[in-house]
Each structure stands twice: as structure tokens, then as C-alpha cells.
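A quick write-up on the structure given underneath.
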Number of protein chains: 2
Amino acid sequence: MSVGIKISLNDGLYLRDPQDSDLGRNIIKYSIILIDEFGIESFTFKKLAIKINSTEASIYRYFVNKHILFLYLVNWYWEWVNYLIRINTMNITNSKAKLGIIIHSFVAASNENPLVEYVNESRLQRIVNSEGMKVYHTKDVDAENSKGFFKSYKDLAYAVSAVIMEVNPSFKYPYTLATNLFEMTNNHIFFAQHLPRLTDASIVDNENDEVENMLNYFVEKLLA
Amino acid sequence: MSVGIKISLNDGLYLRDPQDSDLGRNIIKYSIILIDEFGIESFTFKKLAIKINSTEASIYRYFVNKHILFLYLVNWYWEWVNYLIRINTMNITNSKAKLGIIIHSFVAASNENPLVEYVNESRLQRIVNSEGMKVYHTKDVDAENSKGFFKSYKDLAYAVSAVIMEVNPSFKYPYTLATNLFEMTNNHIFFAQHLPRLTDASIVDNENDEVENMLNYFVEKLLA
DNA sequence: TCATTAACAATAGTAATACTATCATTAATA
DNA sequence: TATTAATGATAGTATTACTATTGTTAATGA
């Protein structure tokens with residue numbers, strides 16, 4: 001039996017709430033580990049079942065399929081970043097400083113204190129950096145969007161755009177900039193590691209400082 | 001027997017050059033149509049084989065698997081945009097104007113004259129907009145990168161970054177901006193259609209003018 | 001305390017997917 | 001005319017993505 005914070009996610013994402021049982025928490029924990037190690041394409045419920053000494057059938061009682069489980073995990077990340085931004089900007093009055101904190105949350109989310117024991121935030125961030133966008137770049141977006149499965153991302157975009165508007169109320173593209181900062185973070189952390197010719201940033205000692213500086217520079221220029 | 005321009009792609013992408021035979025050209029033509037209609041996840045060689053009255057085995061003689069076929073198509077697009085940029089900026093001396101043409105190529109590539117009969121550029125652009133990034137967001141990036149499978153994208157990034165440097169030689173992030181413009185194009189065309197709360201642009205009458213204006217505005221601000 | 005239920009494990013089975021292999025046919029080429 | 005290359009036809013395999021059934025155990029409740 002484990003206690004602690006519960007992240008609240010759209011209940012259409014699961015059949016049985018994985019946060020409420022040991023098996024469920026194991027599914028979350030080890031799906032993150034397996035996806036991080038082998039990628040979403042070669043991840044299967046069968047492999048996960050073996051890893052956690054359970055069965056495919058049992059996992060299917062929690063999630064309809066691997067795509068939805070993946071979407072659940074990415075939603076978790078979106079909610080977590082939302083949470084980080086909320087608590088870290090809470091007592092900040094300067095809007096530019098808030099935006100700096102937001103960018104830092106995008107880039108270095110995994111350096112924050114873990115929220116729950118069964119989620120390895122560092123691995124989860126790496127998954128989102130490298131494969132997160134796959135959850136909405138599908139033919140099912142519209143159907144899933146209408147079920148509210150992307151609400152956490154929209155909430156994030158809204159929160160960030162609000163700060164952007166504080167910094168520069170006349171800026172015409174607050175939502176675009178908000179999502180672009182998030183997507184840029186993911187892309188350029190990934191590019192720096194795998195396709196360095198596609199970016200000017202590099203990752204030194206596993207730290208994303210260059211990406212962070214780059215994002216801050218873009219924001220500064222755009223909102224000047 | 002068809003004549004015409006041949007797009008030159010990394011020959012590690014195919015087993016037999018699909019541009020050299022009717023079957024090969026049919027594979028290209030109808031894989032684009034099927035992927036556009038049903039998405040890459042539900043696209044299979046079996047379905048393609050039925051569509052073109054051939055067999056799975058025959059398609060496997062051209063491409064090792066569907067991921068590589070997909071990568072071939074995305075490479076085609078990258079090469080095509082490279083080609084458009086080259087010919088359309090050829091006689092332009094003003095660097096800012098060149099960058100405008102580049103952005104227009106990203107956004108409205110499909111409005112250009114078709115290069116070959118068997119590639120529907122409009123469908124291909126829609127595929128790249130919505131699913132193109134999946135070709136490199138995989139666990140095989142490094143292996144495929146070392147085979148040169150992403151060279152066309154790098155060439156594109158290089159060409160665009162060169163113009164960015166012409167416009168503002170002191171700009172610190174030319175590659176980042178180059179790839180970000182391309183990725184932003186794809187993302188926001190997709191968002192405008194499927195997740196409008198994630199962007200400020202909208203698509204009116206199937207025209208991407210708002211996305212184009214938005215990109216031009218970003219570039220103007222960043223390179224000012 | 002006995003009966004019921006919930007959660008899970010164990011097992012089996014199915015259709016589709018992602019291939020590989022073999023052999024026959026046809027068209028081009030030498 | 002003989003050979004080869006390209007394709008078609010067919011079959012087969014391992015894996016994936018599920019669904020269904022049955023049994024066990026632990027908690028709950030009357």
C-alpha cells in the first residue's frame with residue numbers, strides 16, 4: 001500500500017485507475033522504463049506483463065491498448081509540468097521571470113523532486129522529448145480530442161500563453177509561442193543528442209543549459 | 001513507360017529503385033494515397049499490394065519494410081522542398097525576400113507544379129505535416145543517421161540557415177531557426193486543423209496564409 | 001462465519017501483421 | 001534461342017494485439 005499525491009487525469013484514459021493498486025502502479029512504473037529503453041514501437045503489453053510478473057489480460061483491464069497507455073503517460077507529464085509551473089511561479093510577480101521559470105520547467109523538469117515513487121520523471125521526460133508528439137499525430141486525434149484526451153496540453157498552452165500576454169500584451173501569437181516553446185524543447189534536446197546538424201544547441205554533461213539559453217533568447221527577441 | 005525528372009535519393013533507402021519501374025512507381029503513388037487516407041499506423045504492405053494488384057512479396061523487393069518506405073517518401077518531400085527553394089530563390093538577390101520564399105515553400109509546397117506524375121505532392125505534404133516527424137523520432141535514428149538517411153533534411157536545414165545568416169550574420173541560432181520554421185509549419189498546419197487551441201492560426205478555404213504570416217512575423221522579430 | 005464479490009493469474013484461442021521462402025510465368029536481353 | 005530479371009502466386013512462420021474462460025485468493029458484508 002502506497003500513499004502520496006495523486007495526479008488527476010482524464011478518466012477516459014483508463015478502464016481501472018492504475019494509481020489505485022499495486023498492479024496499476026507497476027504498470028505505470030515499468031511501462032515508463034520499457035518505453036524509455038526500447039521505444040514505443042517495440043513496446044508490447046506482453047513484454048510488460050513478463051517484466052512485472054503479470055499477464056497481458058491483467059494489463060488490458062487497466063488500459064484498452066498501448067496507445068492509450070502511452071497517452072496516459074504523456075498526459076501525466078503534461079500535468080506534471082503544469083504542476084511545476086504553478087508551484088514555481090506562485091510567488092513570482094515579475095512576468096519575465098515567470099516565463100524563465102516556465103522554460104526551465106520544460107527543459108529541466110526531470111531535475112525536480114519526484115512527485116510519486118512509481119514515476120521516474122527523468123525517464124518520462126526523455127520519452128516525451130523523443131516520442132511524445134506521436135500521441136496526437138495520428139488519425140484518431142479528432143475522436144480523442146473530443147473525449148478531452150489532450151486537455152492537459154491545452155491547459156499548459158493556456159497557462160503559458162497567459163504569461164506571454166503578461167510580458168507583451170500586444171503579441172499576436174501567444175498560443176503558437178507557448179506550444180512552440182514546448183515542442184522546441186523536445187525537438188532540440190532530441191536533435192542535440194541524435195541529429196546535431198539540425199540544431200545549434202548541444203548537451204554537455206547531460207545538462208540542457210544550451211537549449212534553455214536558446215529558448216530564452218528566442219522569447220526575449222519575440223516579445224521585445 | 002514514363003519519362004521525366006528523377007529525384008535523387010539515398011540508395012540505401014530502397015532495395016530496387018522504385019522510380020525505374022511501373023511497379024515501383026505504383027508503390028510510391030499508392031502508398032502516398034493510402035498513408036494520406038488511413039495514416040501510417042494502419043498502412044500495411046498487404047493493403048498496398050491489394051490496392052495495386054500486386055503482392056506483399058513484390059513490394060518487399062523494393063523496400064525492406066514500411067518504415068523505410070515511409071522514410072523514402074519523407075525524404076522525397078525534403079528533396080522536393082530543397083528543389084523548390086533552389087529554383088525559386090535562384091534569381092533573387094534580397095535575402096529577406098529569399099527567406100519569404102523559403103517560408104512560402106514550407107507552407108504551400110503542394111501548390112507548386114507537380115514534378116512527376118506518380119507523386120501527389122498535395123497528399124505528400126499532408127502526410128509530412130501530420131506524421132513526418134515520426135521518421136526520426138525512433139530508437140533507430142542513430143543507426144539510420146549514420147547511413148545518411150536524414151541527409152536531405154540536413155541539407156534543407158543548411159540551405160535555410162545560410163539565408164538566415166545572410167539576413168542577420170550575428171544571429172546565434174541559424175540551424176535551430178531553420179528546422180524550427182519547418183517543424184512549426186508542420187505542427188501549426190496540423191494544429192489549426194485538429195487541435196486549434198494549440199495555435200493562433202487557422203486554415204481558411206484550405207489555404208495556409210495565416211500560418212505563413214505567422215512564420216514571417218516570427219522570423220522578422222527574431223532576425224531584427 | 002459464510003457467502004459474495006473484486007482483482008488477478010493462468011490458459012487458450014483468434015485474426016492480423018510483418019515478414020521469408022519457393023516456384024512458376026513472362027518479358028527483356030544477350 | 002537460351003538466359004536472366006522482374007513479377008506473381010502461394011504457403012508458411014513468429015509476433016502482435018487482442019478476447020474469452022476458468023480458477024484462486026483476499027477483502028467485504030450480512
Side-chain angles (χ1 to χ4, degrees), chain A residues 1-3 11 13-31 34-35 37-73 118 131 134-135 138-140 144, chain B residues 1-3 11 13-31 34-35 37-73 118 131 134-135 138-140 144:
Chain A
M1 207 34 199
S2 119
V3 284
D11 63 11
L13 289 169
Y14 48 81
L15 300 170
R16 198 194 302 296
D17 192 335
Q19 296 185 81
D20 287 349
S21 71
D22 286 324
L23 177 59
R25 288 182 291 266
N26 259 320
I27 291 172
I28 295 174
K29 179 171 183 174
Y30 289 96
S31 61
L34 288 179
I35 293 170
E37 277 178 19
F38 306 110
I40 188 66
E41 332 288 349
S42 64
F43 170 81
T44 68
F45 278 9
K46 180 90 203 169
K47 289 173 186 168
L48 176 58
I50 291 165
K51 184 88 176 180
I52 63 179
N53 287 307
S54 181
T55 61
E56 277 184 276
S58 295
I59 297 167
Y60 276 106
R61 289 192 193 100
Y62 284 84
F63 295 101
V64 274
N65 56 46
K66 93 166 169 184
H67 172 252
I68 297 295
L69 165 55
F70 187 44
L71 184 49
Y72 178 94
L73 297 176
Y118 52 96
E131 310 199 71
K134 290 179 191 170
V135 301
T138 72
K139 284 285 170 185
D140 299 324
E144 290 175 356
Chain B
M1 206 33 198
S2 116
V3 285
D11 63 12
L13 289 169
Y14 47 82
L15 301 170
R16 198 196 301 295
D17 192 334
Q19 295 184 81
D20 288 348
S21 70
D22 285 324
L23 177 59
R25 288 182 291 266
N26 258 321
I27 290 172
I28 295 175
K29 178 170 184 175
Y30 289 96
S31 60
L34 287 180
I35 293 171
E37 277 178 19
F38 305 111
I40 187 67
E41 331 288 349
S42 64
F43 170 81
T44 68
F45 278 9
K46 180 89 203 169
K47 289 173 186 167
L48 176 59
I50 291 166
K51 185 88 177 181
I52 63 179
N53 286 309
S54 179
T55 63
E56 276 185 276
S58 295
I59 298 168
Y60 276 107
R61 290 193 188 101
Y62 283 84
F63 295 101
V64 275
N65 56 45
K66 92 168 170 183
H67 171 252
I68 298 294
L69 165 55
F70 187 44
L71 184 50
Y72 178 94
L73 297 177
Y118 51 96
E131 310 198 70
K134 290 179 190 171
V135 301
T138 72
K139 284 285 169 184
D140 299 325
E144 290 175 356

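Reminder, nothing fancy here: chain letters follow the sequence lines and each chain counts from 1.
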(request) Just compare D:dA20, C:dC19, D:dG8 and give me whichever is closest to any side-chain atom of A:A57. (result) D:dA20
(message) If you compare every side-chain N and O of B:T55 against the phosphate oxygens of D:dA9 (OP1, OP2), does one of them come in below 4.0 Å?
(response) no
(message) Which nucleotide wins on minimum distance to the side chain of B:Y62, given the candidates D:dT7, C:dA21, C:dA10?
(response) D:dT7
(message) Side chains of B:Q19 and B:Y14 only: does a donor on one sit below 3.5 Å from an acceptor on the other?
(response) no
(message) Of the listed nucleotides (D:dC18, C:dC19, C:dC8), which one gets closest to any side-chain atom of A:Y60?
(response) D:dC18
(request) Could you verify whether a donor N or O on one side chain and an acceptor N or O on the other, from B:S21 and B:Y62, lie under 3.5 Å apart? (result) yes
(request) Take A:K46 and B:N53, find for each the nucleotide of DNA chain D with the closest heavy atom, and name the residue whose nucleotide sits nearer the 5' end. (result) B:N53
(message) Measure CG/A:D22 against P/D:dA27 and give the value in whole Å, please.
(response) 12 Å
(request) Report yes if a side-chain nitrogen or oxygen of A:R61 is closer than 4.0 Å to either non-bridging phosphate oxygen (OP1 or OP2) of C:dA9; otherwise report no. (result) no
(request) Kindly say if A:S21 contacts the phosphate of C:dC8, meaning a side-chain N or O under 4.0 Å from OP1 or OP2. (result) yes
(message) Applying the Watson-Crick and G-U wobble criteria at under 3.5 Å, what pairs with D:dA30? Answer none if nothing qualifies.
(response) C:dT1
(message) Output the rounded distance in Å from CD (B:E41) to P (C:dA16).
(response) 19 Å
(message) Whether A:S58 contacts C:dA9 is assessed here as follows: a side-chain N or O lying under 4.0 Å from the phosphate OP1 or OP2. Is that the case?
(response) yes
(request) Figure out the CD1/C1' separation between A:I27 and C:dC8, and round it to whole Å. (result) 11 Å
(request) Mind checking the NZ-NZ spacing from B:K46 to B:K66? Nearest 0.5 Å is all I need. (result) 15.0 Å
